[in-house]
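Please read the structure below before turning to the comments.
Because the structure is predicted, anything quoted here is derived from the model rather than measured. Throughout, protein chains are lettered first and strands after them, A, B, ... in sequence-line order, and every chain is numbered starting at 1.
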Protein chains: 2
Amino acid sequence: MTLRHAILGLLSKWDATGYDIKKEFDDFMSIFWHSHLSQIYPELNKLEAEELVTSRLVPQEGKPDRKVYSITNGGIDEITSWVGAPPDIPKIKDSFLMQVFFMDNISADDVIFQLKYYQGVRQKRLDEMKQTVQEAWESIVERQIMTPRLLMSSAVLRRGLEQEVQYIRWCEETIALVEACKSLWDTDTSPDSVLPFNDAKELMENYYNATLALENDEA
Amino acid sequence: MTLRHAILGLLSKWDATGYDIKKEFDDFMSIFWHSHLSQIYPELNKLEAEELVTSRLVPQEGKPDRKVYSITNGGIDEITSWVGAPPDIPKIKDSFLMQVFFMDNISADDVIFQLKYYQGVRQKRLDEMKQTVQEAWESIVERQIMTPRLLMSSAVLRRGLEQEVQYIRWCEETIALVEACKSLWDTDTSPDSVLPFNDAKELMENYYNATLALENDEA
DNA sequence: AAGCCCATGTAAGACGTTACATGATTGT
DNA sequence: ACAATCATGTAACGTCTTACATGGGCTT
């Protein structure tokens, strides 16, 4: 039940058609949300039936009519109370991390290939986001206004960027780790061997210590 | 179609019941996956019908019978090829970031309250994960073995921890930002005012420059 | 006495994805 | 010529969540 809030939130900013909403999702809001037109259109109908939004048809030449939606007072109430409501505990589904978790089933070289490929995917996203940040800042400077709305969207943009930067960095670190521990994949002969541990002992000790040392109270 | 891979991946490590699988999801795997028993049981039945897993009943005293599943060769093939397959582009749904995006609808104090609350939620998760990392390392030291399996799960654990640490840090930074820009919420009188920008100009310039300076090629 | 843990499921409904359907205009 | 963009939707299917159902044993 959050698609409705994504839509109502957007309509609290500007009037829009279902098509416009989809574009906004794919563009700026893709940092935290996504949806298909085939889900947006029925949801808009529901919202209209509940009188949280209203619509009017705007004819165009050579193009289909635009069905432009506006938020009602009821809609404003709904989005405002949702924004102030206790946030959900995050329900993460990261299928790539799951693949990594099970990559002991493939060769070290294949692991590195997968990590490099995914790093590239994330880099592309990061490049697009940097573009968006650039444009957002230029538009603020040009229009010479600062508002709570722009402030909060700046914070969200930054979070999106940070996320990409840090995932990319993790990919790099993990590639280095696997590279350094390639020998573990060779010695799958003796299942109870002690040797594999000694090979990687120092390295893993450092890795775990570094992990436990990760702290949130530094600058 | 990824729940089946979560299950097959687990069964490629140990035999388990549906109930065991659920616990593993909620524990170690919660970094990247979650599911309900009511979805796991039917999926196990499907996997058995497709002969990717087999089951046997293990009677117990005073408790219901355990239906223990084992992976078949077909199941191994399926999970291996999935792990080596091109990763999906990430489909993020972060309803808290969405709330933040629309928080221009509530007061600066309420924004700070929400951010602090969420920071606490994430801190709790982080503390639990640190516990898990500690235990994982102790078990490695105790058993004196290192394997690809343990290596990959260490990397995934680290990613989970990093994610929490960085989200918490972002909450802190954003609280500071909103605190510094509280005045923006007061001056909602004149909609086209130039003043609000000048108030926050330097601060925002720094913020955007810092955002654009975020780089992935540092240590 | 109340509620959680073990252990299995079914059923109904909400939410999300992919495919299908239409049709003019604009760009490569 | 072919694909993309604008703009609306429906239908079928797949996935996920919530509620219901059972029942002994253990803890507070």
For atom CG of A:Asp65 and atom P of C:dA24, their distance in whole Å
14 Å
Distance in angstrom units between A:Asp20 CG and D:dT5 P, rounded:
15 Å
Judged by atom type as modelled, is there a donor-acceptor pair below 3.5 Å linking the side chain of B:Glu43 to the main-chain atoms of B:Leu3?
no
Take the protein atom NZ of B:Lys22 and the nucleotide atom P of C:dC5, then report the distance between them rounded to whole Å.
12 Å
Which nucleotide wins on minimum distance to the side chain of B:Tyr19, given the candidates C:dA7, D:dC6, C:dG16?
C:dA7
Can you see if the side chain of A:Gln60 gets near the phosphate of D:dA7 - specifically, an N or O under 4.0 Å from OP1 or OP2?
yes
Is any side-chain heavy atom of B:Met152 closer than 4.5 Å to a side-chain heavy atom of A:Val111?
yes
Please report the distance, rounded to the nearest Å, between CD1 in B:Ile7 and C1' in D:dC16.
13 Å
Do the side chains of B:Lys13 and B:Glu24 get close enough for a salt bridge, i.e. N-O under 4.0 angstrom?
no
To the nearest angstrom, the NZ-C1' distance between A:Lys63 and C:dT26 comes to 9 Å
Using C1' atoms of five pairs at each end, report the bend of the helix from C:dA1-D:dT28 to C:dT28-D:dA1 rounded to 10 degrees.
50°
Is a side-chain donor-acceptor pair under 3.5 Å present for B:Asp20 with B:Thr17?
yes
Please tell me if the side chains of B:Lys93 and A:Thr2 come closer than 4.5 Å, counting only heavy atoms from C-beta onward.
no
Using a 4.0 Å cut-off on heavy atoms, which residues in residues 77-94 of chain B reach DNA chain D? List them by number, or say none.
none
A:Tyr167 vs A:Leu97, test: side-chain contact (heavy atoms from CB on, under 4.5 Å). Steps then yes/no.
CA-CA 11 Å; A:Tyr167 217 129; A:Leu97 261 198; 3.5 Å; yes
Would you say that A:Glu50 contacts A:Arg4 through its side chain, given a criterion of any heavy-atom pair below 4.5 Å between the two side chains?
yes
Kindly indicate, with the supporting measurements, whether the criterion side-chain contact (heavy atoms from CB on, under 4.5 Å) is fulfilled by B:Arg66 and B:Tyr19.
CA-CA 9 Å; B:Arg66 284 165 58 82; B:Tyr19 199 82; over 6 Å; no
With a distance cut-off below 6.0 Å to the six-membered ring centre and an angular limit of 45° from the axis, does A:Arg158 pair with B:Tyr207 as a cation-pi contact?
yes
Does the side chain of B:Leu115 reach to within under 4.5 Å of the side chain of B:Phe96, using non-hydrogen atoms?
yes
Nearest whole angstrom, please: distance from the C1' of C:dG9 to the CZ of B:Arg66.
16 Å
Near DNA chain C, under 4.0 Å by heavy atom, which residues of residues 28-48 of chain A?
A:His34, A:His36, A:Ser38, A:Gln39
NZ/NE/NH1/NH2 to OD/OE distance under 4.0 Å, B:Glu162 and B:Arg159:
yes
Under 3.5 Å, is there a donor-acceptor pair linking the side chains of A:His5 and B:Gln99?
no
For atom CZ of B:Arg4 and atom P of D:dC16, their distance in whole Å:
12 Å
A:Lys23 side-chain N/O to D:dC6 phosphate OP1/OP2 under 4.0 Å:
yes
Please state whether the phosphate of D:dG9, meaning OP1 or OP2, lies under 4.0 angstrom from any side-chain nitrogen or oxygen of A:Lys67.
yes
Length of the CD1-C1' vector between A:Ile21 and D:dT8, whole Å
13 Å
